[in-house]
Number of protein chains: 2
Amino acid sequence: MPSEFALIDRHFARATPQAVLGPGDDCALLAPAPGMELAITTDMLVSGTHFFVETDPWQLGWKTLAVNVSDLAAMGAQPRWALLAGSLPAADEAWIAAFAEGFFACAGRYGVDLVGGDTTRGPLCLCVTAIGEVPAGGALRRDRARPGDDIWVSGRPGLAALGLAHLQQRTMLSGDLAETCINLLQQPLPRVELGLALRQRGLAQAAIDVSDGLLADLGHIVERSAVDAEVFVAQLPGLPDGADALLARQCQLAGGDDYELVFTARPDKRDALHALAEEVGLPLRRIGVISAAAGKGEVRLLDETGRTLPVDKMGFDHFGSNEAE
Amino acid sequence: MPSEFALIDRHFARATPQAVLGPGDDCALLAPAPGMELAITTDMLVSGTHFFVETDPWQLGWKTLAVNVSDLAAMGAQPRWALLAGSLPAADEAWIAAFAEGFFACAGRYGVDLVGGDTTRGPLCLCVTAIGEVPAGGALRRDRARPGDDIWVSGRPGLAALGLAHLQQRTMLSGDLAETCINLLQQPLPRVELGLALRQRGLAQAAIDVSDGLLADLGHIVERSAVDAEVFVAQLPGLPDGADALLARQCQLAGGDDYELVFTARPDKRDALHALAEEVGLPLRRIGVISAAAGKGEVRLLDETGRTLPVDKMGFDHFGSNEAE
């Protein structure tokens, strides 16, 4: 069995043109550009909690980085660097090689240099720290939603959760839809381009990525901003054909793992946002409004008649439920 | 059982005066000082591999951060920020509270703000990313050792490994020595002050912290610097009274977990280094010399007569051996 160091060198040592010093020393050295702030985030993925043990290692490598890049996207930051720490039950080189390929495919797609890491033996557990740059004072934060803001969401949240339901045999999707949904679950596409454009053009007030579920993540915005939100069922993205409508709605409102962006914007930005949607080839839907200056951080779901609907499952809580079980 | 978010808020949300934006958003925001580079490192600690499951949570909290701070010390960086990701088998609040106290005791001692993190359910696994600042071009790197450099080590490497041997009942230390060694194992003191002084005063050429073992870590310096090293047994720190001499020597040469610094320095720095040792209250010993410009990255251990001694266990490899088993 090759040693820890040899394994790392073989599969994870790639050029790091964006770093002063890459892997191989006690620390990596980074030189942020003048006037930039660093956006930094860390996420841990655990076998059995966040993914199935039999998950394809290439896709797992992609997703391990992608979920962190998505946090950078939600701040409007330009992804730059990442570190990867992993504990592995055995030094299975084929698995490691495929994981590395997926990881670096995502890194290449989003312009990230892997500058450091740590490998050890233990249960399968992966932890990425991702770092991006954003002009000082310019980051898209959760706490900047204001009464009167529109609420927008990108893409079609809920499809990844439908894919999970299909894999868990809780539902049976048609072939094409199943493939689409499973792909979104296993190889999510962080909305970096959208986040950058929202920030650069001053189009968004507050933003978050949908990792815990649409309503739950919107809940984080309203809580941090001390406002309330009203979401209109009639304005939500259409549900996919070929799926149970109730489940599809549940997944849309409470399914995690989509990595779409939810953001708020002043109403005078509607035209610019529709144009941006065309430009980046990604649907942007206006689904509600921020209400009440002295808000309690509540998200209300309203039907066509203005009646408040009960919302019983607001999202994915890692100690409250367990995705892969 | 309180939710993930409530648990985090209760025990890990502390003031972050060194951050633009601390925990609670998609990312933390950091504003590095102008002219500084960032030193960044990540380490993962896994139950059963790096620590015993029954390890005191306060000490584990301390050590989880300390091993990362030690990497900053080895670069001569000033610790500033950290992120903590953890997977826990259950939301045991007493354990989490004690862990947090130990973590923040270490953070306070070394001036670190905890700016972000992630908590999830799974086997006990902890991952810290630590970030420090160092003037551009000034970091102490592994690849800067030059022929003729003295080799120095701080403190008394090997005591932590002796403490582990005692806990594993592979040896029986006397009461005082056992306490000293176990304390060094469970609550290591990263040599930040030493690293800063070495860098600020231009005293060291190359540096590394002893996490894998003295000879193994020195091996990383000579490999990266393309030189060889000669270590003289007669110049090593004295072995402790009350321990088996052979085991103590083995621990000194190959024991991990000490987090002392090994560094190289030009011979004209000897007086300044002895003075620094007095100043920081930490022994600094000159234990060898860097040889051969066209080196193969070899570390040779020489006895009093100049004879090369066999070295069979060069350090701790996470896939080759297993500390806590």
Side-chain angles (χ1 to χ4, degrees), chain A residues 1 3-5 7 20-21 24-32 34 37-44 46-50 71-72 74-75 77 81 83-87 91 115-123 125 127 129 131-132 134 136 139 141-143 208-209 224 317-320 322, chain B residues 1 3-5 7 20-21 24-32 34 37-44 46-50 71-72 74-75 77 81 83-87 91 115-123 125 127 129 131-132 134 136 139 141-143 208-209 224 317-320 322:
Chain A
M1 188 185 295
S3 83
E4 171 189 5
F5 305 111
L7 274 175
V20 177
L21 182 66
D25 212 305
D26 294 287
C27 297
L29 293 172
L30 313 178
E37 287 173 356
L38 294 177
I40 186 164
T41 181
T42 191
D43 266 300
M44 183 176 273
V46 180
S47 179
T49 301
H50 298 91
D71 282 321
L72 300 179
M75 303 293 281
W81 306 284
L83 297 96
L84 168 65
S87 124
V115 298
D118 187 28
T119 315
T120 188
R121 188 162 68 175
C125 176
C127 185
T129 299
I131 307 128
V134 60
R141 299 166 52 148
R142 296 181 181 179
D143 59 1
I208 191 170
D209 68 325
R224 299 270 297 181
D317 182 323
H318 295 288
F319 281 111
N322 201 334
Chain B
M1 189 185 294
S3 84
E4 171 189 5
F5 304 110
L7 274 175
V20 176
L21 183 65
D25 213 305
D26 295 286
C27 297
L29 293 172
L30 313 177
E37 287 173 358
L38 294 177
I40 186 163
T41 181
T42 191
D43 267 301
M44 183 176 273
V46 180
S47 179
T49 301
H50 298 90
D71 283 321
L72 300 179
M75 303 293 282
W81 307 284
L83 298 95
L84 167 65
S87 124
V115 298
D118 188 28
T119 314
T120 188
R121 188 163 68 174
C125 177
C127 187
T129 300
I131 308 127
V134 60
R141 297 166 54 146
R142 297 180 180 178
D143 59 0
I208 192 170
D209 68 325
R224 299 271 297 181
D317 182 323
H318 295 287
F319 281 111
N322 200 332

Which heavy atom of A:S87 sits nearest a heavy atom of B:V46, and at what distance? CB-CG2, 3.6 Å

Main-chain N/O of A:G117 paired to B:T42 side chain as donor or acceptor, under 3.5 Å: no

Within this structure, what is the CZ-CG distance for the pair A:R141 and B:L21, rounded to the nearest 0.5 Å? 4.5 Å

Heavy-atom pair count under 4.5 Å with chain B, highest-scoring of A:A31, A:G116, A:A74, A:P34: A:A74

Heavy-atom check, side chain of A:D71 versus side chain of B:C27, under 4.5 Å: yes

Taking B:D118 for its side chain and A:M44 for its backbone only, find out whether a donor-acceptor pair lies under 3.5 Å. yes

Can you tell which part of A:A136 gets under 4.5 Å to a heavy atom of chain B, answering side chain, backbone, both or neither? neither

What's the shortest heavy-atom distance between B:D25 and A:M75, and which atoms? OD1-SD, 3.4 Å

With side chains defined as the heavy atoms from C-beta onward, is the minimum distance between A:I208 and B:D26 less than 4.5 Å? yes

Identify the two heavy atoms, one from B:L38 and one from A:L38, that lie closest to each other, and give their separation to 0.1 Å. CD1-CD1, 2.6 Å

Please check: side-chain N/O of A:T129 versus main-chain N/O of B:T129, any donor-acceptor pairing under 3.5 Å? no

With a 3.5 Å distance limit and no angle check, can you tell me whether B:R142 reaches the backbone of A:G24 through a side-chain donor-acceptor pair? yes

